[in-house]
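Taking it in order: structure first as structure tokens, then the write-up.
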Amino acid sequence: MLMILKKAARKAFLEKRGRQDLLFVVKFNDEFYGWRNACPHVNNAPMAWRKDAYMDAKKQHVACHAHGALFEPDSGLCIQGPCLGKTLEKVPVYVNSMGMVSILLTDIN
């Protein structure tokens with residue numbers, strides 16, 4: 001099973017668990033990166049303060065708005081905040097030859 005994203009999307013949300021997004025995808029430097037919506041500082045704490053708000057104000061870093069942590073969007077490494085040095089849990093993202101972006105549901109634990 002695939003869930004498809006438009007290549008032009010800056011970020012997209014693929015599945016909801018209860019009322020929280022399970023994962024999110026960001027586009028950074030023309031590449032797509034998938035991450036589980038769970039801050040490593042507090043087990044499974046959601047990161048966005050509102051729908052679609054996974055990036056900081058400058059759109060340079062993924063942000064956990066609950067804890068003030070900042071993460072590199074391409075590696076998931078925390079560079080500021082209480083989880084410094086920890087990483088987000090990566091979700092593989094696939095881009096086919098036609099530019100279609102997808103995530104395999106079998107890749108999600």
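Please read these numbers as outputs of a predicted model, since none were measured by experiment. Sequence positions, counted from 1, serve as the residue numbers for this chain.
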Quiz item: Asn37 side chain to Phe24 main-chain N or O, any donor-acceptor pair under 3.5 Å?
Solution: no
Quiz prompt | Within-4.5 Å side-chain heavy-atom neighbours: Leu88 and Pro40 | solution = yes
Exercise. Give a yes or no answer on whether the side chain of Asn96 reaches the backbone of Met98 with a donor-acceptor pair at less than 3.5 Å.
Key: yes
Quiz item: Going through the distances and angles, do His65 and Tyr54 end up as a side-chain contact (heavy atoms from CB on, under 4.5 Å)?
Solution: CA-CA 8 Å; His65 297 281; Tyr54 286 95; over 6 Å; no
Tell me which donor-acceptor pairs under 3.5 Å the side chains of residues 66-85 have, and how far apart each pair is, sequence neighbours excluded?
residue	atom	partner	partner atom	Å
Glu72	OE1	Ser75	OG	2.8
Ser75	OG	Leu77	N	3.3

Quiz item: What's the shortest heavy-atom distance between Val91 and Arg36, and which atoms?
Solution: CG2-N, 3.8 Å
Quiz item: About how many Å separate CE of Met47 and NE2 of His41, when rounded to the nearest 0.5 Å?
Solution: 12.5 Å
Exercise. Could you check Phe32 against Val26 for side-chain contact (heavy atoms from CB on, under 4.5 Å), going step by step and ending with a plain yes or no?
Key: CA-CA 6 Å; Phe32 291 93; Val26 296; over 6 Å; no
Exercise. Output the distance between atom CD1 (Ile103) and atom OH (Tyr94), rounded to the nearest 0.5 Å.
Key: 9.0 Å
Quiz item: Once you round to the nearest 0.5 Å, how far does CH2 of Trp35 lie from NZ of Lys90?
Solution: 5.0 Å
